[in-house]
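These notes concern the structure reproduced below.
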Amino acid sequence: RPLTEEETRVMFEKIAKYIGENLQLLVDRPDGTYCFRLHNDRVYYVSEKILKLAANISGDKLVSLGTCFGKFTKTHKFRLHITALDYLAPYAKYKVWIKPGAEQSFLYGNHVLKSGLGRITENTSQYQGVVVYSMADIPLGFGVAAKSTQDCRKVDPMAIVVFHQADIGEYVRHEETLT
């Protein structure tokens, strides 16, 4: 079913933390019209062409359609899934690059420490949504900046600079629950 006004607002606020006004580029794409649909508390990003085809399948038989962007929790908060990374990464306003030694730690679900920080986008504010990249510009996941860019320069090496939200290691760790 289509999202309600409240669900759309909550979801767009969460996505805007990571890509800002580039949110418009997700909906208005040159290769067709895309929309967000809710199915079993999960939000899917799907083209209208596939949506028309899926209309022939009953709701209880439908497992998923399109790309799962996230899900609504029982308290009606929106939680982004790692499957949304491919759509968030190209439009990300704030990015963090981590050193090769810290990549494995991040991919196991740990926060990024100052010692593992390679680079960070200028003017990143505290608690801003960031996309985490390897030094080879491969998107690894996303998180929330624990410190602003200025604070990162003067904290000790063991301080947390990015809180972990999701990483590509979840494809292996949570194989059975990702749809």
Side-chain angles (χ1 to χ4, degrees), residues 3 6-26 36 41-43 45 67-179:
L3 278 73
E6 180 64 17
E7 290 166 341
T8 305
R9 185 188 60 76
V10 169
M11 184 193 67
F12 280 171
E13 281 175 3
K14 180 67 119 179
I15 295 172
K17 281 179 74 172
Y18 295 92
I19 63 174
E21 61 274 354
N22 292 339
L23 184 63
Q24 193 64 38
L25 299 172
L26 280 179
F36 292 96
D41 287 335
R42 284 179 163 56
V43 176
Y45 181 63
T67 303
C68 181
F69 248 62
K71 71 175 199 170
F72 282 100
T73 62
K74 300 268 189 257
T75 56
H76 300 291
K77 290 186 176 76
F78 184 71
R79 184 153 300 136
L80 275 171
H81 277 197
I82 188 60
T83 46
L85 180 66
D86 292 337
Y87 296 96
L88 297 180
Y91 304 122
K93 290 178 67 173
Y94 299 101
K95 302 175 184 179
V96 169
W97 289 266
I98 57 177
K99 295 175 183 171
E103 282 179 26
Q104 189 171 11
S105 175
F106 180 74
L107 294 178
Y108 281 139
N110 298 317
H111 302 307
V112 178
L113 303 177
K114 166 71 163 77
S115 59
L117 184 67
R119 297 189 334 240
I120 186 168
T121 309
E122 279 299 316
N123 302 325
T124 303
S125 59
Q126 191 174 18
Y127 307 124
Q128 176 68 52
V130 294
V131 174
V132 179
Y133 285 85
S134 69
M135 290 306 265
D137 275 338
I138 299 168
L140 299 176
F142 45 87
V144 175
K147 307 262 187 263
S148 65
T149 305
Q150 288 70 29
D151 293 344
C152 284
R153 294 190 178 110
K154 53 186 179 266
V155 295
D156 68 294
M158 296 311 288
I160 296 172
V161 291
V162 176
F163 294 123
H164 175 273
Q165 295 280 304
D167 65 79
I168 56 176
E170 288 179 21
Y171 283 118
V172 177
R173 291 196 312 272
H174 304 295
E175 210 173 346
E176 65 283 344
T177 56
L178 284 175
T179 56

For the backbone of His164 and the side chain of His111, can you confirm whether one donor and one acceptor N or O come within less than 3.5 Å of each other?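 Yes, His111 side chain to His164 backbone: donor-acceptor pair under 3.5 Å.
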Rounded distance [0.5 Å steps], [atom1] in [X] versus [atom2] in [Y]:
{"X": "Lys147", "Y": "Tyr127", "atom1": "NZ", "atom2": "OH", "value": "7.5 Å"}
{"X": "Tyr45", "Y": "Ile15", "atom1": "OH", "atom2": "CD1", "value": "9.5 Å"}
{"X": "Met135", "Y": "Asp137", "atom1": "CE", "atom2": "CG", "value": "9.0 Å"}
{"X": "Leu140", "Y": "Trp97", "atom1": "CG", "atom2": "CH2", "value": "12.0 Å"}

For the residue pair [X] and [Y], establish whether any side-chain heavy-atom pair is separated by less than 4.5 Å.
{"X": "Leu113", "Y": "Ile160", "result": "yes"}
{"X": "Ile98", "Y": "Val132", "result": "yes"}
{"X": "Val161", "Y": "Val112", "result": "yes"}

Do Phe78 and Phe69 have ring centroids that are under 6.0 Å from one another?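 Here the rings of Phe78 and Phe69 have centres that are no less than 6.0 Å from each other.
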Do you know the tightest heavy-atom contact between [X] and [Y]?
{"X": "Phe72", "Y": "Val10", "result": "CE2-CG1, 4.0 Å"}
{"X": "Pro90", "Y": "Leu85", "result": "CD-O, 4.5 Å"}
{"X": "Gln126", "Y": "Ala146", "result": "NE2-O, 2.8 Å"}

More than 12 heavy atoms of other residues, nucleotides or ligands under 6.0 Å from NZ of Lys95: is that the case? yes
side-chain contact (heavy atoms from CB on, under 4.5 Å) between Leu80 and Leu88, intermediate numbers included: CA-CA 10 Å; Leu80 275 171; Leu88 297 180; 3.9 Å; yes
Sorted by chain and residue number, the salt bridge (charged side-chain N to carboxylate O under 4.0 Å, His left out) partners of Arg9 (sequence neighbours excluded) come out as Glu6, Glu13
